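Only one structure is covered here, and it is reproduced in the block below.
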Amino acid sequence: DALFEGLRRGVKSAERELVALFWPRIGRTLMHVLGSSSEIDDLTQEVFIRVFARLDRVRDAASLRPFVTSTTVFVARETLRRRARKRWLVFTAPAELPEIELPHATPEARRAVEVFYRVLAKLPLDERMAFSLRYVEGMELTEVAWATEVSLSTVKRKLKAAEARFAKLASERPELAELLAEGTAWQALSN
């Protein structure tokens, strides 16, 4: 409540506290949705620019976290759309994904994560967002609905479609076949 009131009054220390509190979460969410670390810092700053510009829309302290999350999801969605438009406009194959930082992972695990994000990139945008937020970021269904600004039943439909599409695409990839057989592909890769 004190943080929220400080933000409403424009207190600089409250703004710094908000950044310190949410920077890691925003970065992690962006990384999980986008599967790339090359633009995470810039996109995190973009999220904060939008959050500070629209703080007047937040009615109470309890709405602050969901507001920051939905702003993060909106920036991630815009980034995915921009990437898709760029690929379409230049008529080239999708760029190689930047190497994902996994300092203690085996080469097989790194390859599986790379393939996981390649498969994830083939999902329709709304399905990818719901799938990433639910299974990679670990959000509850109600949080996913709030963050994506759709109803709970819509999230459930999108997740069901995303799960089926992901399972089909991933089953064609030997790097993910064993994890899929165990029923743990996205949960194992997101840890």
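Values below: all heavy atoms of this structure, side chains included; hydrogens, waters and symmetry mates excluded. Treat the numbers as computed from the prediction; the structure is a model and nothing was measured.
Counting heavy atoms from C-beta outward, W23 and Q45 have side chains that approach closer than 4.5 Å. For the pair L30/T79, no side-chain contact is recorded, criterion being any heavy-atom separation below 4.5 Å from C-beta on. Between V144 and L159 there is no side-chain heavy-atom pair separated by less than 4.5 Å. Contact annotation: the side chain of L64 approaches that of L7 to within less than 4.5 Å [non-hydrogen atoms, C-beta and beyond].
Minimum heavy-atom separation, V155 to A145: CG2-CA, 3.4 Å. Here the shortest heavy-atom pairing between A112 and E175 reads CB-O, 4.0 Å. The shortest heavy-atom contact between A62 and P66 is O-CD, 3.4 Å. Of all heavy-atom pairs spanning L120 and S132, the tightest one is CD2-OG, 3.4 Å. Considering every non-hydrogen atom in both V136 and Y117, the closest pair reads CG1-OH, 3.6 Å.
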**Q.** Derivation and outcome, salt bridge (charged side-chain N to carboxylate O under 4.0 Å, His left out), residues E163 and K160
**A.** CA-CA 5 Å; E163 289 168 1; K160 185 176 180 178; over 6 Å; no
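Hydrophobic clustering, with ILVMFWY side chains joined whenever heavy atoms are under 4.5 angstrom apart, keeps I49 apart from F67. Two different hydrophobic clusters hold V11 and F48 under the rule that ILVMFWY side chains link at heavy-atom gaps under 4.5 Å.
Considering T69, V68, V51 in turn, V68 is the only one that fulfils the side chain to side chain contact (heavy atoms under 4.5 Å, CB included) rule with F22. Just one of R77, R165, K122 meets the salt bridge (Lys or Arg N to Asp or Glu O under 4.0 Å) condition when paired with E127; it is R165.
There is no side-chain donor-acceptor pair under 3.5 Å between D41 and T44. In the model, T154 has a side-chain atom that pairs as donor or acceptor with a side-chain atom of R157 under 3.5 Å.
A salt bridge is defined here as a Lys NZ or Arg NE, NH1 or NH2 lying under 4.0 Å from an Asp or Glu carboxylate O, and E143 with R65 meets this definition. Salt bridge annotation for R50-E78: present, with a cationic side-chain nitrogen under 4.0 angstrom from a carboxylate oxygen. Using a cut-off of 4.0 Å between Lys/Arg side-chain N and Asp/Glu carboxylate O, E5 and R8 are scored as not salt-bridged. Electrostatic pairing of E39 and R82 counts as a salt bridge here, judged by a charged N lying under 4.0 Å from a carboxylate O.
The environment of CZ in F74 is sparse: at most 12 heavy-atom neighbours from other residues, nucleotides or ligands sit within 6.0 Å. Few gaps surround CG on D56; more than 12 heavy atoms of other groups in view lie less than 6.0 Å from it.
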